[in-house]
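Right, one structure below, let's go through it.
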Amino acid sequence: MTETLPTLDQPYDPAQVEPRWYAFWEKNGVFAATDSAADARPVYVVPMPPPNVTGSLHMGHAQRCTLEDALVRWHRMRGFNALWQPGTDHAGIATQLVVERMLAKEGKNRRDMGREAFVERIWQWRHDTGDRILLQQRILGASPDWTRSKFTMDPDLSRAVTEAFVRLHEQGLMYRATRLINWCPECMTSLSDLEVESEEGANGELFEFAYEVDGGGGGEIVVATTRPETMLGDTAVAVHPDDPRYTALHGKRVKHPFVNRTFPIVTDAILVDPRFGTGAVKVTPAHDFNDFATGKRHGLEEINILNLDGTLNANAGPFAGMDRKRARTAVKKALADKGLARGAKPHVLTLPRCQRSGGVVEPMISTQWFLKMQSMAEKALEAVHSGKTEIVPAEWVKTYDHFMENIQDWCVSRQLWWGHQIPAWHHADGRVVVARERPAECGPGWTQDPDVLDTWFSSALWPFSTQGWPDETAALKKFYPASDLETGYDILFFWVARMMMMGLHFMGEVPFRRVLLSGLIVDETGDKMSKVKGNVIDPLDLVNGATFAKMTPDAESLARFKKAYPSAAAMGAGFPAFGADAVRFTLASYPPSNKRIALAPKRIEGNRHFLNKIWNATRLALELLGHGPWVEGQAPKTFYNRWIRSRFAAACETAHGGLDSFRVDEAVSAAYRFFWNDLCDWYLEIVKPILRQQTDGTFLRPEQVPETRETLAYVLEGSLRLMHPLMPFITEELWQRVPRPASRKASIAFGPYPTPDAEKGARDAEVDGWMDLLQEVISAARTIRSEHAIDRKAEVPVRVRSGDPAVVAFLREHAETVALLVKTQGPPVFEAPGGPRDAGTTVSIVSGKRGPLEVLVTLKGLVTKDEELARIDRERKRIEKDLAAIEKKLASPGFVDRAPPEVVEESKQQRASLAEAKVRLDEGRKLAEEL
RNA sequence: GGGCGGGUAGCUCAGUGGCAGAGCGCUGGCUUUACAAGCCGGAUGUCGCAGGUUCGAUACCUGUCCCGCCCACCA
């Protein structure tokens, strides 16, 4: 493989790298899971939330791909039989609406076409576009087992739906009932409670009008309403029993002004709040949930005034045929004409809207199929409380509980054509038969229920319907329950909760062991992405690059877009091709506790730079390593090699902990910091001259070369494996070129993953501590150079003094490194404090655990007296501030007695060190004055 | 009305009962043969506000003010 790879002398270009590897993985069967009982590997299963079959990839999908792929690849590399179950959802209303809109553009509608032709048309469309999203997932590097891909309307999954429905019916949980439901006149279907969204803060008005009291004697009762047209369905006026204003009217009737009927004034303490409005409430049992309940309490008539399309029906008398919106105006005018209007005031209300169409939802009395939820919800509640399923982050448990505890029966029937038709047959005489197939006795005179099931009904079965249920397949045995379910919190009720209930009900076991809930991706200013707002970013535009002109049709929308993404506005004409890895790495870097994830394109750019760093570091390493596998992983003896192995081990530990606890962001930052800050900034810089065997007298350490090569090869190959779940493409590309043990398989995706256990032996706190000290010395000297603007090429004498002989000895050993990284004149000198100090020597104090270190740099002639004095004063100020803080702490009553001894000890040490540092600095100041 | 989350650097966000962090931005220097998509430095914070617990609070508790989200039938 290595021979055929292009050379690395080109700058990293994801477009040249990424497409090559996907086919390679598929060819090598990387994604395949096996349901063979003989396979003894531990199983890891993640059901992918099935995207809408006709949809195209959005930021949320990209996030799903990123997080789930990271978890799946991580397990796969650790030797799990990992199944990421892919598939698509038929998305009932959403799909039907889209196709209806397409038809409308052609001047057609589904009613003219007829059900069969319409459904055929959707199948055709699905056939044309249904794979688009699957291809897009591949571009992101997703690694599900495609051979097991399912669609919710596949024959086997449809069979599972029917089976579930029939069983629920047999068990008395699925029933048909006539009650008030949510109706969307635009979609012309019923909705579940969850599909109704409330638009808060809508501006409406509270309209008041009078009903004449019937039976002579005049008198009236004034009611208030936000929906005046519903008065056509009024069948009572309710007042509070204790309201003295209306006592005289109890038991009387009022006359309807437009239709020929009268209805009672009833007393109801539940419905009526005497302080609100006029204290008298019009009651419309057929079009309001409160009024419906009131009607039941008082035995009121329920008069439906609406047709299914939202126009008024014959019960509306003179207003019949009008649209509900026009009817509202007309009713108000008619009331005014009759002298019954009593004014209106602005009123802020909450409007129920259809999740899909956005239309205002009307409560309507209707006969529908319902699923009893309470007993199922109780089991689902228990499963989380007993820990059978863990919700991560745990803060969602309360939300889950609240939903389950207050759950209402689920209206599952929809008056749509696209979906699973309900397996029930009706006879004209009212008989209903529910069966798996059309029963023989249902001959002529019987018709199948025309309704289809809520799309979420089939989704709720996903963890087991995809594995062959109701048959007892090997896959079902192997892959149920799933291990982790990852999804956005927005479908916790729609999907997760219902899977919990259905899984427990049909399988007698939770559908997954953990639920991992992620935040929602929003624009950079925190607003939800929406086409209307013009702030939607297509993830593939980030992967492949796109001009803003392409993404926004006109100048106005471009301006809106740039406002939504300030950091993108600075990118010029558009997004460069960041590549899938950079997008993924960025999406993985947000902690899941973040409910809203503000997508900052600049952050992707930063991570794209990180990929470049990996690319170039690997180029350098390959140059330093030459050929041949040196990756043995034996414990190194040399200081720097021990240090980088220790750092690598720490990174592995953090990454493992992060991935294990669904803190992928922690794995991301551990990898980033290790690779860039430890490996590139320090280790490679130090090791470069050793491996190049520079012959200028420094770093000629032939005995260290083999071990250093081995270590460099080890951490390089290891860190590529460490990062592979997070950025699969670049790691594969580079891994295929780096020296690696012969035991490795064809792809990095086969692992193994560098585990903390394997690396544990390399952790070395003492080495880490010494390296910290060395880094501080070097930084201090560099800072002096930088502050005095010493030319890069100029060499300066450096002298470091410490009262700790061990420190002096250590630094002497690493004199070459200091010389290299600081650029000293000759070898730096390390000595005990108290020696003479030349005029023109500038000093910086590092006050560490082992007492202060004086870093002296002689700058005679390169620095003025004033500059040096100013610098020393700044440093003195810092030290004084720290010293004051620590003295305050030590002086605070009780600290010495109550704080843990090691904290007290450390503080005392710090105080001593700082105090000494101050003395040294003052000495330095005296000398500087002599400049 | 109930519930949840957030308020930390100019921006996007980590974080911890013991000296406030990252990326981006800003800024000084540097084209040093892995990388200028880079390297070496630097500046920047009443950790929303007020109390409390504590030897010690940005962190824990209470209250409060903003912001966002979810649930709920107030005409």
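Below, chain A is the first sequence line, B the second, and so on; all start at residue 1. Remember, it's a predicted structure, so these values are computed and weren't measured experimentally.
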With heavy atoms under 4.0 Å as the rule, sort [X] into base, sugar-phosphate or nothing.
X: A/I790; answer: nothing
X: A/T399; answer: nothing
X: A/R782; answer: sugar-phosphate
X: A/K595; answer: base
X: A/A789; answer: nothing
X: A/N594; answer: sugar-phosphate
X: A/V223; answer: nothing
X: A/H287; answer: nothing
X: A/P363; answer: nothing
X: A/A598; answer: sugar-phosphate
X: A/D681; answer: sugar-phosphate
X: A/R663; answer: sugar-phosphate
X: A/S779; answer: sugar-phosphate
X: A/E906; answer: nothing

Could you measure between the two [atom1] atoms, the one in [N] and the one in [M], and give it in whole Å?
N: B/rU8; M: B/rC49; atom1: C1'; answer: 15 Å
N: B/rC55; M: B/rC24; atom1: P; answer: 43 Å
N: B/rG45; M: B/rG15; atom1: C1'; answer: 15 Å
N: B/rC19; M: B/rG3; atom1: P; answer: 36 Å
N: B/rU58; M: B/rG48; atom1: C1'; answer: 12 Å
N: B/rG5; M: B/rC74; atom1: C1'; answer: 27 Å
N: B/rU53; M: B/rU62; atom1: C1'; answer: 10 Å
N: B/rG23; M: B/rG29; atom1: C1'; answer: 22 Å

What stem regions, each of at least 3 consecutive Watson-Crick or G-U pairs below 3.5 Å, can be found for RNA chain B?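 Stems for RNA chain B, defined as runs of 3 or more consecutive pairs: B:1-7 with B:65-71, B:10-13 with B:21-24, B:26-30 with B:38-42, B:48-52 with B:60-64.
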Whichever of A/A280 and A/D193 has its nearest RNA chain B nucleotide further upstream toward 5':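 Its nucleotide being nearer the 5' end, the pick is A/D193.
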Whichever of A/W682 and A/Y12 has its nearest RNA chain B nucleotide further upstream toward 5':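 Whichever sits nearer the 5' end wins; that is A/Y12.
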Closest listed nucleotide, where the reference is the side chain of [X] and the choices are [options]:
X: A/L620; options: B/rG38, B/rA75, B/rA34; value: B/rA34
X: A/S786; options: B/rU54, B/rG41, B/rA34; value: B/rG41
X: A/D273; options: B/rC74, B/rC55, B/rG18; value: B/rC74
X: A/C680; options: B/rA75, B/rA34, B/rC39; value: B/rA34
X: A/F276; options: B/rG41, B/rA75, B/rA37; value: B/rA75

In terms of side-chain geometry, is the basic nitrogen of A/E302 or A/K296 positioned less than 4.0 Å from the acidic oxygen of its partner?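 Salt bridge: yes.
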Are A/R245 and A/D243 within salt-bridge range, i.e. N to O under 4.0 Å?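 Looking at A/R245 and A/D243, the cut-off is met.
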If the cut-off is 4.0 Å, is [X] near the phosphate of [N], judged by side-chain N/O to OP1 or OP2?
X: A/T783; N: B/rG42; answer: yes
X: A/W676; N: B/rC39; answer: yes
X: A/K688; N: B/rA34; answer: yes
X: A/H609; N: B/rG38; answer: yes
X: A/H347; N: B/rC74; answer: no
X: A/R692; N: B/rA34; answer: yes
X: A/K889; N: B/rG56; answer: no

Under 3.5 Å side-chain donor-acceptor pair for [X] and [Y]:
X: A/E195; Y: A/S192; value: yes
X: A/R737; Y: A/T618; value: no
X: A/S779; Y: A/R782; value: no
X: A/D665; Y: A/S589; value: no
X: A/E208; Y: A/T278; value: no

Distance under 6.0 Å and angle within 45° of the ring axis: does A/R328 meet both against A/F207?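 Not flagged: A/R328 not positioned over aromatic ring of A/F207.
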Rounded distance in Å - [atom1] ([X]) to [atom2] ([N]):
X: A/L821; N: B/rC30; atom1: CG; atom2: P; result: 20 Å
X: A/H788; N: B/rC40; atom1: NE2; atom2: P; result: 20 Å
X: A/R596; N: B/rC70; atom1: CZ; atom2: C1'; result: 13 Å
X: A/D527; N: B/rC67; atom1: CG; atom2: C1'; result: 12 Å
X: A/E405; N: B/rC70; atom1: CD; atom2: C1'; result: 15 Å
X: A/Y590; N: B/rC24; atom1: OH; atom2: P; result: 13 Å
X: A/I391; N: B/rC70; atom1: CD1; atom2: P; result: 18 Å
X: A/K602; N: B/rC13; atom1: NZ; atom2: P; result: 17 Å

Please verify the inter-ring angle class for A/Y672 with A/F585; under 30° counts as parallel, over 60° as perpendicular, anything in between as tilted.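 Answer is parallel, since the angle falls under 30°.
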Parallel, tilted or perpendicular: ring planes of A/F575 versus A/F578, cut at 30 and 60 degrees: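 It falls in the tilted class, 30° to 60°.
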Would you kindly check whether a donor in the side chain of A/E685 faces an acceptor in the base of B/rA34, or vice versa, at under 3.5 angstrom?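 Side chain to base: pair present.
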Between the base of B/rC35 and the side chain of A/K613, is there a donor-acceptor distance below 3.5 Å?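 Such a pair exists between side chain and base.
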Taking CD in A/Q408 as the centre, count heavy atoms belonging to other residues, nucleotides or ligands within less than 6.0 Å. Is the count above 12?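 For A/Q408, atom CD is not crowded (no more than 12 foreign heavy atoms under 6.0 Å).
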Is it the case that more than 12 heavy atoms not belonging to A/K563 sit under 6.0 Å from its NZ atom?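 Counting other residues, nucleotides and ligands, NZ of A/K563 stays at 12 neighbours or fewer.
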